[in-house]
Amino acid sequence: MSAPCVRMSGRCVSQFLSCFSRTAVRTAGFRQFSSSSVSRAALQTQSVTDRVERASSPWTLMAAVCLQRLPVISSECSAIEQQFTHMMHQMELEKSLLSDHELRLLEDAERMSRKQADDYDSDEEDDRGDQEIMLTQDLEDSWEQKLKNFQPALRVTADVDKDLTSSERCLADSLLLLAEQQVGGEKLWLLPQTQWQEGETLRQTAERALASLPAAGFKATFLGNAPCGVYKYKLPKAARTESSVGTKVFFFKAILSDSGPPAAQSAPFLWVKKSELQRYLKPAYMMKVDRFILSQ
């Protein structure tokens with residue numbers, strides 16, 4: 001009795017499924033999905049999700065440029081560096097060969113001593129005569145005179161070094177550009193920064209921050225597309241909202257290639273050494289900046 005029931009139930013189910021498949025295909029026109037179409041749909045969904053998440057991020061993104069003017073002249077040597085330099089020069093002098101000019105001087109001195117001797121024979125000398133001896137000595141005299149007349153430029157210029165708006169100050173040190181910018185209700189000295197805009201990279205934002213300085217005209221070479229540091233701060237609790245929690249500032253390094261025209265005394269930017277940064281930057285901001293700035 002049970003076997004016929006099983007056969008009948010199996011037949012009914014198979015007939016129902018075949019009928020349903022024919023009806024569904026005939027009425028709805030279902031199309032089989034391939035694995036590639038499913039993958040494309042998943043990627044599109046993920047891309048849309050990422051854009052929504054970026055658009056709804058509670059953090060404001062900004063980019064700042066760390067513009068440095070490299071040293072123009074070498075720094076002063078310390079006492080031990082001077083001793084080492086003197087030792088290396090002395091070793092090089094002791095192991096070096098005589099130059100052509102020094103050999104000519106020795107030949108001239110030997111020729112002059114033979115002329116002053118009693119057994120001097122002019123036929124043994126070549127046809128160069130006394131003219132070369134005088135020319136060699138005159139050449140040394142002219143070099144000595146040029147050395148006495150040479151006046152090297154001053155390494156320290158008090159007037160220029162006191163002008164914080166000049167990129168020509170402190171030529172033996174590396175300088176960093178600071179800009180006065182409005183943050184909230186106060187003005188702060190910061191690395192030049194601006195807010196990121198949709199459709200641009202963070203490096204393009206940093207380049208725009210440098211170009212936006214009034215009457216600056218700086219030309220710089222950026223050292224890569226990746227940031228060298230990041231500074232993150234939150235807004236006060238009273239000012240926080242679900243869509244605005246704080247700001248993230250990404251720093252990009254650049255080297256000054258052209259300072260442009262001289263800046264006015266009231267220019268909203270400064271050129272400072274690393275040792276002078278703590279006078280202008282807040283401690284938390286200074287701690288982040290200090291990590292990627294190397295003193296020269």
Side-chain angles (χ1 to χ4, degrees), residues 61-78 153-181 183 187-196 200-232 248-296:
L61 300 182
M62 303 190 75
V65 55
C66 174
L67 182 61
Q68 285 185 286
R69 191 224 65 189
L70 298 180
V72 179
I73 60 176
S74 59
S75 59
E76 291 284 355
C77 295
S78 61
L154 297 176
R155 295 180 57 89
V156 179
T157 53
D159 297 336
V160 178
D161 290 349
K162 292 180 181 179
D163 184 11
L164 297 179
T165 62
S166 174
S167 60
E168 301 298 326
R169 65 183 297 260
C170 303
L171 298 178
D173 298 296
S174 178
L175 300 182
L176 185 70
L177 179 67
L178 297 181
E180 187 180 36
Q181 297 187 322
V183 179
K187 288 185 176 182
L188 300 176
W189 288 106
L190 304 169
L191 300 181
Q193 66 181 30
T194 190
Q195 186 172 347
W196 172 78
E200 67 180 4
T201 63
L202 286 173
R203 169 173 168 168
Q204 291 173 343
T205 306
E207 293 174 348
R208 183 164 54 84
L210 183 62
S212 63
L213 292 179
F218 298 126
K219 293 182 180 179
T221 302
F222 279 76
L223 305 181
N225 297 322
C228 59
V230 60
Y231 172 66
K232 179 176 69 175
K248 293 181 180 179
V249 184
F250 296 89
F251 301 101
F252 289 80
K253 274 194 172 183
I255 301 299
L256 180 68
S257 55
D258 187 3
S259 59
Q265 293 290 336
S266 59
F269 53 83
L270 302 175
W271 288 100
V272 296
K273 298 184 292 185
K274 183 178 180 180
S275 58
E276 300 171 340
L277 286 176
Q278 56 186 355
R279 305 179 191 174
Y280 303 96
L281 303 182
K282 289 186 175 295
Y285 189 85
M286 173 64 189
M287 182 179 63
K288 297 294 184 180
V289 172
D290 186 68
R291 292 180 179 178
F292 56 82
I293 296 180
L294 300 177
S295 58
Q296 300 292 336

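Within the 4.5 Å cutoff, side-chain heavy atoms of R169 are placed close to those of L164. K288 places none of its side-chain heavy atoms less than 4.5 Å from the side chain of V230. Between W196 and T201, every side-chain heavy-atom pair lies at or beyond the 4.5 Å cut-off. Residues L277 and L178 have side chains in contact (heavy-atom distance under 4.5 Å, counting atoms from C-beta outward).
Checked against salt bridge (Lys or Arg N to Asp or Glu O under 4.0 Å), R69 has no partners two or more places apart in sequence or in another chain. The ring pair (Phe, Tyr, Trp, His ring centres under 6.0 Å) check on F251 picks up Y285, F292, with sequence neighbours excluded. Under the rule for a salt bridge (Lys or Arg N to Asp or Glu O under 4.0 Å), D161 has no partner lying at least two apart in sequence or in another chain. Every side chain to side chain donor-acceptor pair (under 3.5 Å) that E207 has, sequence neighbours left out, goes to R203. Scored by the salt bridge (Lys or Arg N to Asp or Glu O under 4.0 Å) test, E200 finds R208 as partners (sequence neighbours excluded). Looking at residues two or more places apart in sequence or on another chain, you find no side chain to side chain donor-acceptor pair (under 3.5 Å) involving D258.
Pairing each heavy atom of M287 with each of R291, the nearest pair is O-CG, 3.4 Å. Of all non-hydrogen atoms in P192 and A209, the two that sit nearest each other are O-CB, 3.8 Å. Closest non-hydrogen pair, A172 versus S75, comes out as CB-CA, 4.0 Å.
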- Take Q195 and L61 through the side-chain contact (heavy atoms from CB on, under 4.5 Å) test and state the conclusion after the steps. CA-CA 6 Å; Q195 186 172 347; L61 300 182; over 6 Å; no

- Query: Going through the distances and angles, do V272 and L177 end up as a side-chain contact (heavy atoms from CB on, under 4.5 Å)?
  - Reply: CA-CA 7 Å; V272 296; L177 179 67; over 6 Å; no

- Task: Test side-chain contact (heavy atoms from CB on, under 4.5 Å) on I293 and C66 and set out the steps.
- Result: CA-CA 9 Å; I293 296 180; C66 174; 4.1 Å; yes

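Q181 places no side-chain N or O within donor-acceptor distance of the main-chain N or O of L190, the cut-off being under 3.5 Å. Without hydrogens or angle criteria, S166 side chain to D163 main chain gives no donor-acceptor distance under 3.5 Å. Judged purely by atom type and a 3.5 angstrom limit, T205 has no side-chain atom pairing as donor or acceptor with the backbone of A63.
Ion pairing between K274 and D290 holds under the 4.0 Å rule for side-chain N and carboxylate O. Between E168 and K162, none of the side-chain N atoms (NZ, or NE/NH1/NH2) sits under 4.0 Å from a carboxylate O, so this pair counts as no salt bridge.
L191 contributes atom CG, which lies 11.0 Å from atom CG of L210 (distance to the nearest 0.5 angstrom). Expressed to the nearest 0.5 Å, how far NZ of K219 lies from OG of S257 amounts to 7.5 Å. Y231 OH to M62 CE: the interatomic distance, rounded to the nearest 0.5 Å, is 12.0 Å. Between atom CG of residue L213 and atom CG of residue L67 there is a gap of 9.0 Å, rounded to the nearest 0.5 Å. Between atom OG of residue S167 and atom CG of residue L175 there is a gap of 8.0 Å, rounded to the nearest 0.5 Å. Atom-to-atom distance recorded for N225:CG and F252:CZ is 7.5 Å, nearest 0.5 angstrom.
Not less than 6.0 angstrom separates the ring centroid of Y280 from the ring centroid of W271.
Other residues, nucleotides and ligands place no more than 12 heavy atoms under 6.0 Å from the CD atom of Q278.
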